[in-house]
Amino acid sequence: MPELPEVETVRRGLQPFLEGATIVTVKARRPDLRFPLPEAFARRLTGRRINQLWRRAKYLLADLDSGETLIMHLGMSGSFRVHAIGEAGGASAVAPGRFHHPRSGAQVHDHISFDLAVGKARHEVVYNDPRRFGFMDLAPTERLSQSRHLANLGFEPIGNQMSAEAIAERFAGRIAPIKAALLDQRLIAGLGNIYVCEALWQARISPLRAAGDMVARNRRPKAAAERLALAIRQILEEAIAAGGSSLRDHKLVDGSLGYFQHSFRVYDREGQECARCGGRIGRVVQSGRSTFYCPKCQR
DNA sequence: AAGGGAGCCTGGCGGC
DNA sequence: TGCCGCCAGGCTCCCT
């Protein structure tokens with residue numbers, strides 16, 4: 001589910017509860033998510049202080065005072081909820097319903113819970129992930145960039161590294177469709193299906209064009225690459241400001257919803273009218289994933 | 001080497 | 001109403 005804006009939204013929501021907090025207890029209700037949890041997962045976290053919660057691409061990273069970093073990925077359907085412990089609205093904030101475990105109060109797919117303490121305040125942070133495509137891992141903070149999850153990531157699509165030059169450098173010579181290249185986390189890290197579709201629409205670029213087509217013979221970015229760099233940055237920043245896109249699963253840590261889905265111009269709008277040119281939004285399948293675009297004004 | 005497809009899971013939705 | 005197939009925001013492995 002979550003692409004960069006959703007992960008960043010989650011990070012901002014968790015930050016005030018996690019940073020500076022001590023992990024009092026860790027409850028893992030199963031030994032694995034997508035992958036087995038790392039050896040002695042709970043023991044390596046318990047009693048540790050969280051120094052910093054940051055993000056790389058779609059990864060949430062919590063630096064611990066033990067010299068390790070907790071690496072978290074939400075997969076397609078992962079989400080975090082925070083609620084206060086021992087206060088009105090605390091445990092009772094867990095909505096009753098068919099996903100309710102009769103005994104523990106946890107909901108089905110609440111796979112991992114952390115009890116956190118900052119001073120006298122206590123919070124429970126619960127990770128829920130129905131499809132279990134998410135995962136958690138631990139790696140030494142000093143060698144984090146060499147960890148197997150982060151080692152091969154491309155540049156961040158927001159911030160200083162993002163530029164038409166960076167796109168040109170990564171895309172030069174590639175014959176794969178630009179849609180596929182933008183989804184390739186080894187080139188640019190953080191985009192997913194929604195924001196790639198939206199950015200290509202904004203930049204008026206056909207998803208079917210070859211990625212290498214963004215680059216002129218002299219290796220300089222073409223005008224299209226400039227438009228694309230601008231569009232990606234713009235879309236992501238707007239989406240972050242909107243709290244991300246809530247389709248099925250994405251929720252903010254307080255349970256509220258993002259609203260960027262109301263700003264989609266092409267994603268999941270097959271057959272509808274293009275807001276720019278009045279053409280009809282089409283859908284094609286590229287490397288097994290739906291691409292939405294306007295064939296009339298995206299060239 | 002790069003590109004494409006299958007597989008991992010569960011849940012929601014549309015169609016019959 | 002009920003069942004079935006299809007589809008979903010990601011990533012990794014394997015094949016060509």
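Remember, it's a predicted structure, so these values are computed and weren't measured experimentally. Protein chains get the first letters and strands the later ones, always in sequence-line order, with residue 1 at the start of each.
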When we call it a touch if two heavy atoms are under 4.0 Å apart, what does A:Phe135 touch: a base, just sugar-phosphate, or nothing? nothing
On the nucleotide C:dA8, are OP1 or OP2 found under 4.0 Å from the side-chain N or O atoms that A:Ser290 carries? yes
A:Asp268 CG to B:dC13 P: how many Å, rounded? 12 Å
Roughly how many Å is it from CE in A:Met76 to C1' in B:dG12, rounded to a whole number? 13 Å
Closest heavy-atom pair and its distance - A:Gln261, A:Leu247: CB-CD2, 3.9 Å
Looking at the base of C:dA8, is there any donor atom on it, or on the side chain of A:Arg131, that sits under 3.5 Å from an acceptor on the other one? yes
Who does B:dG15 pair with, Watson-Crick or G-U, both distances under 3.5 Å? C:dC3
Using a cut-off of 4.0 Å on non-hydrogen atoms, how would the nucleic acid contact of A:Ile175 be classed: base, sugar-phosphate, or nothing? sugar-phosphate
Would you kindly give the CZ-to-P distance between A:Phe264 and C:dA8, to the nearest whole Å? 13 Å
A:Gln261 atom CD is separated from C:dA8 atom P, nearest whole Å, by 17 Å
I want to check one thing: is the phosphate of C:dT12, taken as OP1 and OP2, less than 4.0 Å away from some side-chain N or O of A:His149? no
Separation of B:dG3 atom C1' from A:Leu187 atom CG, nearest Å, is 12 Å
Cation-aromatic face contact A:Arg209/A:Tyr293, 6.0 Å, 45 degrees: no
Would one find a side-chain N or O of A:Arg132 under 4.0 angstrom from OP1 or OP2 of B:dT10? yes
Just wondering, do A:Phe133 and C:dC11 stack (centres under 5.5 Å, planes under 30°)? no
Neighbour count >12 (heavy atoms, 6.0 Å) for atom CD, A:Glu142: no
Donor-acceptor check, side chain of A:Lys58 to backbone of A:Leu191, threshold 3.5 angstrom: yes or no? yes
Can you tell me the distance, in whole Å, between the CZ atom of A:Arg174 and the C1' atom of B:dG3? 10 Å
Counting heavy atoms not belonging to A:Ile175, are there more than 12 under 6.0 Å from its CD1? no
Between A:His73 and C:dC11, is there a side-chain N or O to OP1/OP2 distance below 4.0 Å? yes
Is there a side-chain contact between A:Arg289 and the phosphate of C:dG10, meaning an N or O under 4.0 Å from OP1 or OP2? yes
d(CG, A:Asp137; P, C:dG10) in whole Å: 20 Å
C:dG10 C1' sits how many Å from A:Asp184 CG, rounded? 13 Å
Any donor-acceptor pair under 3.5 Å joining the side chain of A:Arg34 to the base of C:dC11? yes
Are A:Gln185 and C:dG10 close enough that a side-chain N or O sits under 4.0 Å from OP1 or OP2? no
